[in-house]
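The chains referred to below are lettered A, B, ... by the order of the sequence lines, with proteins before strands, and numbering in each begins at 1.
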Amino acid sequence: MRAMASLDRRAEHSGAQQSDDELYRIRHSLAHVLAQAVLELRPGSTLGFGPPIKDGFYYDFLLSEPLTEADFPELERRMRKIIKKGQRFYQEDLPAAEALERIEEMGEPYKREYGAELIAKQGLSALSFYRNGPFLDMCEGPHVSDTKQLPRDAFKLRSLAGAYWRGDSDNTMMTRIYAWAFTAKTELDEHVARWEEAQRRDHKKLGRELGIFAIDNDVGRGLPLWLPNGTVVRDELENLAKELEFKAGYQRVATPHLARENLYFKSGHLPYYAEDMYPAMEVMDPSDAQEADGAAGEGGAVKEAYRLRPMNCPHHHKVFAAVPRSYRDLPVRLAEYGQVYRWEDSGAVGGLVRVRGMCMNDAHIYCTEAQIKDEFKAVMRLYQEAYDILGLTDYMVRLSRWDPDDPKGRDKYVDNPQAWTASEAILEGVLQEMGVNYVDGVGEAAFYGPKIDIQFRTVTGREESLSTVQLDFSQPETLGLSYVGADGQPHRPYCIHRAPFSTHERMVAFLLEHYAGAFPTWLAPVQAQVVTVSEQFDAYGAEIVAALRERMVRAELAPSTETVSKKIRQAATLKIPNVLIVGERERQEGTVTLRRHGHKAQHTLALDALRAALLEAINTRSKELLLPD
RNA sequence: GCUCACAUAGCUCAGUCGGUAGAGCGCUUCCUUGGUAAGGAAGAGGUCAUCGGUUCAAAUCCGAUUGUGAGCACCA
């Protein structure tokens, strides 16, 4: 499996360049210039971190008085003024004790905390400081030598946001100012233009324009309604997944969207994720309800409690347990596009990428320890096959490990260090044997075991997991799953959780952005739009539509009250892949004129030939249409 | 959940100093019957997110709530 590390986290946070790069020094120095300008405008503010990032820099402040984006022009003006002054950057190392005294004088509590930690935990004997003009910062550099070397027109303050000190939600929330910064104005302009283009590709915008999904507040936040066009895309993805899984030896199952609460205690989910689940639905004892005289349940006994399922695994485990299993049956691969519900934090919900109700391309593979590696490899190959068909190439593979040093470790991970070590080694072996490039994600594991995650970025830059394969050494135990081995004794199976196609919600969001809404024919809600030159050819147009629909091609006839130009424009706006234009010429010859989305060139061909070409492209899920000469 | 911003027609937006609402697109109807990205005309469509406050008067000012966006935290 080929893989790329184009989304390397470290690259993002240390700048996508080496620290001795000119661009790194410019961005880092501009951050100091911004801090100086902020302190001018808001004296008494204190400083957090201010590093270079992928496309610029940010700086965190605890402001004495709030700033808003309306203050950006003034801040930028002051920054340019500082640049113009030509302040020199002076570097100075101070021995630990002296350094802490210096920070104390500076009145910077956050810098002090970090400085003290560097000395105590990392054993630094000295700390580095940089001064330019009146601005002094504890900072390891490097910087440009003089602010005159900074571009005055190649940076732009971008946004203002909250960010927790040191990324911990128990800490103070500081104000973070993000900026774009480059070496030349042309680069900044290009970057801004690309960013604006990305906004036009946002799946929330395309989803509305193309009739894919809607969110209605009466239904609920994060609970998308799939419109007819979006449902077509879902169904096509589901068909593809079913085919690939059938060929890979999966069996399909169907299970309910909820279960008695106790199931999630047994599986171990409820103790770990109670706050991320919808609250329980409680069925009261009828005798109590009667006594309560309408105000049912007051003080009465809960007879049963149900929970909407946050995942499908416990149900699948119960399918596994429903019949006796022999070692001869393994691996058992149970697949379901399963609807799940999670009480995501309000701040995380957005569009289709993070929702509270979603349909997951789920499957669970039950196998022996000896089968784990081969099963993982088969799942990885299934991903690759799916990604090749969908044309997805820009992603990062992450080995998500537990974090034995996590202070919340006991609450976050199953307490079984030996199992963690062993199972992480298995996954690592899989990746190495397959020659996959990957990054380590310490602390990114599931509570029940390590994962291999495939990470993508939305066009707006947010990183999210798309696919995942997980090794579970815990749930088969807690749910008491077993199979009969060759020795006639019960044995514990291992379980692999996997979701190559993610959820319909997240996958469609990514594909909308990936294709910029212009789906290949096989995925397109309308695969062929017939446009007649005038109403007198509508009968011929209807014949074409019927001939195509007869073979399950999603063809539609454009209404004839508009001009040809208008109808072609409308089809283009809806990004319909194939527009079929028919008039007198085509009717006489029994042909159609094909215009592909995004192309001006046209082909006139026999209806049969066109139908064959469309069917071929649909059946092979090809992006292109192969036309006869 | 946290910080900040925003919320006007289906969509994109305008609305000055507080004086009871506007455009374009879309939609409906009619005319036009056409050859490649907007033919013409007319019409419908708004409790200015919700609730409360200030005021003679609120889309406009203030507060709360809900929702949306960016970011942080979270993400089985």
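Residue A:Tyr59 contributes atom OH, which lies 18 Å from atom C1' of B:C72 at whole-angstrom precision. In this structure, the CG atom of A:Leu574 is 14 Å from the C1' atom of B:A38, given to the nearest Å. At whole-Å resolution of the value, CD1 in A:Ile215 and P in B:G67 are 12 Å apart. Rounded to a whole Å, the CG atom of A:Leu206 is 13 Å from the P atom of B:U12.
Taking side-chain N and O atoms only, A:Thr563 has a distance below 4.0 Å to OP1 or OP2 of B:G39. At B:G26, one or more side-chain N or O atoms of A:Lys566 fall inside 4.0 Å of OP1 or OP2 (strictly under the cut-off). For A:Lys451 and B:A76, the shortest distance from a side-chain N or O to OP1 or OP2 is below 4.0 Å. The side chain of A:Tyr413 places no N or O atom within less than 4.0 Å of a non-bridging phosphate oxygen (OP1 or OP2) of B:A76. Checking the phosphate oxygens (OP1, OP2) of B:G1, a side-chain nitrogen or oxygen of A:Ser346 falls inside 4.0 Å. Side-chain nitrogen and oxygen atoms of A:Arg208 include at least one within less than 4.0 Å of the OP1 or OP2 phosphate oxygen of B:U12. Within the 4.0 Å cut-off from OP1 or OP2 of B:A70, not a single side-chain nitrogen or oxygen of A:Arg158 is found.
Geometric assessment of A:Arg587 against the ring of A:Tyr540 yields a negative cation-pi assignment under the 6.0 Å and 45° thresholds. Relative to the six-membered ring of A:Tyr178, A:Arg158 meets both conditions, a distance below 6.0 Å and an angle of at most 45° to the axis.
Across all strands shown, A:Ser560 has heavy atoms under 4.0 Å from base atoms, whether or not it also approaches the sugar-phosphate. When heavy atoms are screened at a 4.0 angstrom cut-off, A:Thr468 is found touching no nucleic acid atom at all. Residue-level contact check: A:Gln602 touches the bases, meaning some heavy atom is under 4.0 Å from a base atom. Looking at heavy-atom distances under 4.0 Å, A:Gly167 makes contact with sugar-phosphate atoms alone, never a base. Across all strands, A:Thr175 comes closer than 4.0 Å to no nucleic acid atom at all (heavy-atom distances). Nucleic acid contact class of A:Ala572 (heavy atoms, under 4.0 Å, all strands): base. Across all strands, A:Val533 comes closer than 4.0 Å to base atoms (heavy-atom distances). A:Gly351 comes within contact range of the sugar-phosphate backbone alone, with a heavy-atom separation under 4.0 Å but no base atom that close. In this structure, A:Glu275 reaches neither bases nor backbone, as no heavy-atom distance under 4.0 Å exists between it and the strands shown. Residue contacts shown for A:Lys567 are absent, as no nucleic acid heavy atom lies under 4.0 Å away.
Pair assignment for B:G43 gives B:C27, based on Watson-Crick or G-U wobble hydrogen-bonding distances that are each under 3.5 Å. The pairing partner recorded for B:A76 is none, the criterion being a Watson-Crick or G-U wobble arrangement whose two distances lie under 3.5 angstrom.
The shortest distance between side-chain heavy atoms of A:Trp420 and A:Tyr413 falls below 4.5 Å.
Taking the side chain of A:Pro310 as heavy atoms from C-beta on, and the options B:A76, B:U3, B:A37, the nearest nucleotide is B:A76. When distances run from any side-chain atom of A:Met173 to the nucleotides B:C2, B:A38, B:U36, the shortest one goes to B:C2. Looking at the side chain of A:Thr68, the nearest of the listed nucleotides B:U36, B:A5, B:A76 is B:A5. In this structure, the nucleotide among B:A37, B:G34, B:G35 sitting nearest to the side chain of A:Glu584 is B:G35. Checked against B:C74, B:G34, B:A70, the side chain of A:Val564 finds its nearest nucleotide in B:G34. In this structure, the nucleotide among B:G39, B:C2, B:G35 sitting nearest to the side chain of A:Tyr164 is B:C2. Relative to the side chain of A:Asp345, the nucleotides B:C74, B:A5, B:G34 differ in distance, and B:C74 lies closest. Side-chain proximity of A:Arg176 to B:A76, B:C72, B:U36: nearest is B:C72. When distances are taken from the side chain of A:Tyr178 to each of B:A70, B:U36, B:G71, the shortest belongs to B:G71. For A:Arg569, the listed nucleotide lying nearest its side chain is B:A37; candidates were B:G34, B:A37, B:C74.
Using a 5.5 Å limit on the distance between ring centres and a 30° limit on the angle between planes, the aromatic ring of A:Tyr273 counts as stacked on the six-membered base ring of B:A76.
Comment: A:Glu336 engages A:Arg309 in a salt bridge, judged by a side-chain N to carboxylate O separation of less than 4.0 angstrom. Salt-bridge formation is detected for the pair A:Arg398/A:Asp453: a Lys NZ or Arg NE/NH1/NH2 atom is positioned less than 4.0 Å from an Asp or Glu carboxylate oxygen.
Results of the side chain to side chain contact (heavy atoms under 4.5 Å, CB included) test with A:Phe537 over A:Val531, A:Thr532, A:Val530 single out A:Thr532 as the only residue that passes.
In this structure, A:His504 and A:Tyr337 have parallel ring planes: the angle between them is below the 30° cut-off, well short of the 60° mark.
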